[in-house]
Amino acid sequence: MKRIILRLIAESKAPIGQGNLSLLLRKEGLSVSVPTIGRRLQEMEFEGLLQKASVDGRVITDRGRETLKSWEAENRLRRSGDALVDLLKRADKKHIVDLLSARRVIEGETAALAALHASPESIRRMEELLDEQARRVAEGELGIPQDVMLHREIARASNNPVLYSVVSLLRNHERYDFIIASMRTTVGTQLVEDHRSILEGIREHNPDKARAAMDEHLRKLIDDIDRYWRRSQGSKHANAGR
């Protein structure tokens, strides 16, 4: 419901209050009480997604627009089980695997260096990002922005600007980030537990443990792509035989 509320407020040319929002939600097929809407608006204002503009209601913030963009993109991929199959052409699969293979080489080293050089402040930022990702995943989101920021923070903590630049470049593929995270959800795996193992190695200042955890994380991503691809191809063949 938060996504729909955010979209309706973003589409409005004037601040929206609880009453008008209730009417708009009904047009969307959602019957929600005004007190419930009020609580959701307060939550979203606390999260920095909305702000009060006047006594008439609230408007969306810049952070809210970025969040809405992410939510809408995730929703488009989730609408249909065929959406990922349509996106994942053979060339796309090879490109994704190539990207992950490059990340496996580079980010194993950034994790090891981060275990040696990460400051308490950097580790705290990683912990906050991981907690935020876990919260968003529990709410039904994919946690992609937190995933990207966490990997960049690990690269930044490596104290090697060149490696940080390379990791940032490799993570500059939003379309593939959505595809990979959605596929992992489909095949029943999640990013959060992998990240906990990586962070544990960094927190213990154990470069071998951090490197191994990162390598395992990215290897599992590649395995999940292969598994999803086999499953999608099997479904296509089964449907063709009907």
Side-chain angles (χ1 to χ4, degrees), residues 1-80 83-84 87 121-156 164 167-169 171-182 185 190-192 195:
M1 187 174 70
K2 281 185 176 182
R3 178 181 60 80
I4 297 175
I5 290 175
L6 207 55
R7 175 172 59 78
L8 291 172
I9 293 177
E11 291 173 350
S12 176
K13 295 180 180 179
I16 295 184
Q18 297 176 26
N20 288 337
L21 194 54
S22 176
L23 294 174
L24 291 172
L25 286 171
R26 286 180 184 276
K27 292 181 180 179
E28 296 280 335
L30 296 174
S31 180
V32 186
S33 68
V34 173
T36 298
I37 293 172
R39 287 193 294 272
R40 292 293 179 270
L41 291 173
Q42 288 177 350
E43 291 172 5
M44 295 167 75
E45 186 176 347
F46 178 77
E47 293 168 1
L49 306 179
L50 301 174
Q51 66 181 21
K52 281 189 177 179
S54 66
V55 293
D56 296 322
R58 293 171 172 84
V59 296
I60 192 169
T61 64
D62 289 341
R63 181 177 180 182
R65 291 187 187 281
E66 287 300 313
T67 300
L68 177 61
K69 180 180 177 182
S70 174
W71 287 353
E72 292 286 21
E74 291 182 9
N75 185 59
R76 284 194 295 272
L77 287 178
R78 285 182 161 186
R79 267 182 220 156
S80 164
L84 287 174
L87 283 172
E121 292 77 14
S122 181
I123 292 174
R124 177 180 53 78
R125 285 193 295 270
M126 294 178 203
E127 291 171 340
E128 290 173 351
L129 286 168
L130 184 54
D131 288 343
E132 177 68 8
Q133 183 184 38
R135 184 180 70 80
R136 289 183 178 271
V137 168
E139 292 177 352
E141 299 178 34
L142 297 176
I144 294 169
Q146 294 73 36
D147 172 50
V148 174
M149 287 188 287
L150 178 61
H151 279 266
R152 284 179 174 167
E153 184 60 38
I154 292 171
R156 182 182 288 109
Y164 174 75
V167 170
S168 296
L169 177 64
R171 293 313 305 265
N172 191 29
H173 295 268
E174 292 183 4
R175 179 167 176 258
Y176 293 116
D177 286 336
F178 283 120
I179 293 172
I180 292 167
S182 297
T185 300
Q190 294 183 349
L191 298 170
V192 176
H195 288 158

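Only this structure's heavy atoms are used, side chains among them; waters, hydrogens and symmetry mates stay out.
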To the closest 0.5 Å, what do you measure between OG (S12) and CG (L24)?
7.5 Å
Could you grab the distance from atom CG of L50 to atom NZ of K2, nearest 0.5 Å is fine?
10.0 Å
Measure across R58 and I9 and return the closest heavy-atom pair with its distance rounded to 0.1 Å.
O-CG2, 3.7 Å
Okay, side chain of S168, backbone of Y164: is any donor-acceptor separation there less than 3.5 Å?
yes
Provide the closest heavy-atom pair for R152 versus R171 in the form atom of the first, atom of the second, distance.
NH2-O, 4.2 Å
Quick one: does V137's side chain get under 4.5 Å of Q146's, heavy atoms only?
no
Does any part of the side chain of H195, heavy atoms only, come nearer than 4.5 Å to the side chain of M126, both counted from C-beta?
no
Is any side-chain N of the basic residue among E132 and R135 closer than 4.0 Å to the acidic one's carboxylate O?
yes
Inspect the contact between E43 and R40 and indicate whether a charged nitrogen and a carboxylate oxygen are less than 4.0 angstrom apart.
yes
Calculate, to the nearest 0.5 Å, the distance between atoms CG and CE belonging to L41 and M44 respectively.
7.0 Å
In sequence, state the C-alpha distance, the side-chain angles, and the governing distance for R124 and E128, and then conclude on salt bridge (charged side-chain N to carboxylate O under 4.0 Å, His left out).
CA-CA 6 Å; R124 177 180 53 78; E128 290 173 351; 3.0 Å; yes
Just wondering, do I154 and V167 contact through their side chains at under 4.5 Å, heavy atoms?
no
Smallest heavy-atom separation, R26 atom then S31 atom, equals NH1-OG, 3.6 Å
Heavy atoms of P15 and A53 approach each other most closely as CG-CB, 3.7 Å
Give, for atom CD of Q18 and atom OG1 of T36, the distance between the pair rounded to the nearest 0.5 Å.
10.0 Å
Tell me if a side-chain donor or acceptor on R156 pairs with a main-chain N or O of S122 at a distance below 3.5 Å.
no
What's the separation between atom CZ in R125 and atom CE in M149, rounded to the nearest 0.5 Å?
12.0 Å
Between T61 (side chain) and G48 (backbone), is there a donor-acceptor pair under 3.5 Å?
yes
Qualifying residue for side-chain contact (heavy atoms from CB on, under 4.5 Å) with I60, from L6, L49, I16
L6
Contacts of I4 meeting side chain to side chain contact (heavy atoms under 4.5 Å, CB included) (sequence neighbours excluded), chain-then-number -> R7, L8, L25, E28, L30
